[in-house]
Amino acid sequence: QLDTVILPEGEGELLHGEGPGPEDGEIPRSEYMLEALKELGIEDFFMVQGKVEPRAFRKISYLLFVLEKMGKGVLVCNQKEQATYVIHQLDPEAYKQWLGETKDQLQTHPSQEVTHVRFNHKEDWKRRLKILLTDGPDAIPKRPPQAPEEEVAQREVAPEDWIWIKKDEFPITIEGHGRIIRLGIDRTRQLIEECRAQHPDWVKRYVPRASLMRKSFLHISPEALKLIQTEADKYPPAPPGWMTEGGIHVSTGIHATTINRTAAPYKISNPEWFKKYTSTTGNIRLYSSPEFQQLLYERYGKFEKAPPDWVTGSGIILATGRSATLIEPLLATGSELFPSEQKIYKDAISKPLLHYSPKLLAWVKDELAKRKLAPPDWLTAHAIAVRAQIEQDVALTFIRRYCAEHPASSGEFEHRKRGKILTHYAPAVLEFVLTGKKG
């Protein structure tokens, strides 16, 4: 916890006078971030939290996740309408230099240094974060450059029999030749792109004939319309009682991850329970039969909502500010000592998860208080090697030589950032290594 504001607000983001600020609301992005890191197998990270500016629109502090081995950072805020920022080159020892920048300053960095990630929904947000962390900013698909012939076509009025693709309604409607095709945005884009790939001359941008504007819009030829009509007819509306994953979640409260995990073996043994249909929004969606829905409810629908003071493992990590590598072994021990203080409940998003009681949380905090944190100026062998700019094996040779004569110069402490119990060395050891290096 720092006594400073992370990403301080610019003047335009501060409230003036006594009037109310914008409506508050939360999205548990920090918990989603912990889930993403666990799915990637990343354990070497620490979190930094700041204070809140009283006059700011933002009422919740940003968290900086510092990924030590990867040399990256992620700025996350749980308040609605707050963006996420991935810093692709971050020195874990000098992370504070990023904390004082405003959002406007962050966005002046090229995308190779800082990538701005908007929140659409949980799984998409996690997917893009994991791509950025593992593959870098170039792995996110970019819109292709406009072809020269399209630039010319944009200044032309559409031919008489071409159809204007109107995007002012949802789902998209394609009007032409006495028929209206109701397709969702995703499905329409997919079919048009497939058509463009096979027949580039069938999909172009023109100025609409009936419009007084000179702005161009996407148009398709009669041949493209016929092809799209044929494809649209392949998936009828879903039969009564069949539901999408999202529909099942809303009606039963069972989380999407649990639904998918449960469905996996039945998609092999009972494939007739899962079929694709056109949804009410016009997109192709996978639907599940009433039989599968009944199975889900019998297996998971019995879980109650968690009491307000019970927390998940991720909640304990956030409450204590310690790393998962430290908290998870403590929870395993605590669960053996207090088996009745843990129970599966539905969390805030109705996902059945193991929760821990206030008593177990208090025990974890007491255990953490017993651990000795390393003194601020004591360093690990790795940190000494980095400071001395030598290989760690060479640094250890000097360290062992000095500690053999001065045993009080080393000790086992909890690492201030990583949470692990590691051997730390006094400042005099670093001085000895630096002197030995010069000699």
Taking the six-membered ring where the residue is Trp, are the ring centres of Phe274 and Phe292 under 6.0 Å apart?
yes
Stepwise salt bridge (Lys or Arg N to Asp or Glu O under 4.0 Å) check, Arg128 with Asp124:
CA-CA 6 Å; Arg128 286 181 289 150; Asp124 177 67; 3.0 Å; yes
For the backbone of Thr102 and the side chain of Gln105, can you confirm whether one donor and one acceptor N or O come within less than 3.5 Å of each other?
yes
Spell out, as yes or no, whether a donor-acceptor pair under 3.5 Å connects the side chain of Glu245 to the backbone of Ser288.
no
Please give me the minimum heavy-atom distance between Arg118 and Trp125, naming the atom from each residue.
O-CD1, 3.7 Å
Can you tell me how the ring of Trp98 sits relative to the ring of His109, calling it parallel under 30°, perpendicular over 60° and tilted otherwise?
tilted
Give the ring-plane orientation class for Tyr402 versus Phe432, where under 30° counts as parallel, over 60° as perpendicular and anything between as tilted.
tilted
Centre-to-centre under 6.0 Å for Tyr95 and Phe46, is that the case here?
yes
Is there a side-chain contact between Leu361 and Lys359 in this structure, where contact means two heavy atoms from C-beta onward sitting under 4.5 Å apart?
no
Roughly how far, to the nearest 0.5 Å, is OG1 of Thr115 from CD1 of Ile87?
10.0 Å
Does Glu35 pair with Lys126 as a salt bridge, N-O distance under 4.0 Å?
yes
Derivation of the side chain to side chain contact (heavy atoms under 4.5 Å, CB included) call for Val364 and Leu331
CA-CA 7 Å; Val364 169; Leu331 285 178; 4.1 Å; yes
Just checking, is any N or O donor in the side chain of Thr423 or Glu412 under 3.5 Å from an acceptor N or O on the other one?
yes
Check this for me: Lys38, atom NZ, are more than 12 non-hydrogen atoms of other residues, nucleotides or ligands nearer than 6.0 Å?
no
Greater than 12 external heavy atoms within 6.0 Å of Gln89's CD:
no
Do you know which two heavy atoms are closest between Leu396 and Ala381, and how far apart they sit?
CD2-CB, 3.7 Å
Trp310 and Tyr345: aromatic ring centres closer than 6.0 Å?
yes
Run the numbers on Thr108 and Val114 for side chain to side chain contact (heavy atoms under 4.5 Å, CB included), then give the verdict.
CA-CA 9 Å; Thr108 62; Val114 179; over 6 Å; no
With heavy-atom distances below 4.5 Å as the criterion, would you say the side chains of Phe65 and Val76 are in contact?
yes
Apply the test salt bridge (Lys or Arg N to Asp or Glu O under 4.0 Å) to residues Lys130 and Glu39: give CA-CA distance (whole Å), side-chain angles for both, the deciding distance (0.1 Å), then the verdict.
CA-CA 9 Å; Lys130 289 190 286 188; Glu39 290 165 10; 2.6 Å; yes
Do you know the tightest heavy-atom contact between Lys72 and Leu133?
CE-O, 3.3 Å
Closest approach of Ala224 to Ile220 (non-hydrogen atoms, all atoms of both residues):
CB-CB, 3.8 Å
Between Ala385 and Gln392 the two heavy atoms that sit nearest each other are CB-CA, 3.7 Å
CG/Leu368 to CG/Leu330 distance, rounded to the nearest 0.5 angstrom?
5.5 Å
What's the spacing between Glu328 CD and Ile317 CD1 if we round to 0.5 Å?
6.0 Å
For residues Ser61 and Gln49, is any side-chain donor paired with an opposing acceptor at under 3.5 Å?
no
Derivation of the side chain to side chain contact (heavy atoms under 4.5 Å, CB included) call for Leu379 and Val429
CA-CA 9 Å; Leu379 302 173; Val429 179; over 6 Å; no
How about Leu286 and Thr244: do any of their side-chain heavy atoms sit closer than 4.5 Å?
no
What's the shortest heavy-atom distance between Gln342 and Ser335, and which atoms?
OE1-OG, 3.2 Å
Pair Trp273, Trp242 - check side chain to side chain contact (heavy atoms under 4.5 Å, CB included), show working.
CA-CA 9 Å; Trp273 287 1; Trp242 286 62; 5.6 Å; no
Answer yes or no: is there a side-chain heavy-atom contact under 4.5 Å between Leu37 and Leu67?
yes
Check: Pro427 main-chain N/O paired with Asp377 side-chain donor or acceptor under 3.5 Å
no
Close side-chain approach of Ile27 and Asn78, heavy atoms under 4.5 Å
no
Taking atom types as modelled, find out whether Ser410 and His424 have a side-chain donor-acceptor pair closer than 3.5 angstrom.
no
Does atom CD of Gln97 have more than 12 heavy-atom neighbours from other groups under 6.0 Å away?
yes
Quick one: does Ile248's side chain get under 4.5 Å of Gln293's, heavy atoms only?
yes
Sorted by chain and residue number, the side-chain hydrogen bond (donor to acceptor under 3.5 Å, both in side chains) partners of Gln294 (sequence neighbours excluded) come out as Glu298
Nearest 0.5 Å, what's the CG-CG distance between Leu430 and Leu434?
4.5 Å
When you measure from the side chain of Gln79 to the backbone N and O of Ile60, does any donor-acceptor pair fall under 3.5 Å?
yes
What's the separation between atom NE2 in His382 and atom CZ in Arg387, rounded to the nearest 0.5 Å?
11.0 Å
Check whether any side-chain heavy atom of Leu318 lies under 4.5 Å from a side-chain heavy atom of Glu31, and answer yes or no.
yes
Would you call Leu63 and Leu75 a side-chain contact if the rule is heavy atoms closer than 4.5 Å?
no
For the side chain of Arg29 and the backbone of Cys77, is there at least one donor-acceptor N/O pair under 3.5 Å apart?
yes
Enter the distance from Ser409:OG to Tyr425:OH here, rounded to the nearest 0.5 Å.
10.5 Å
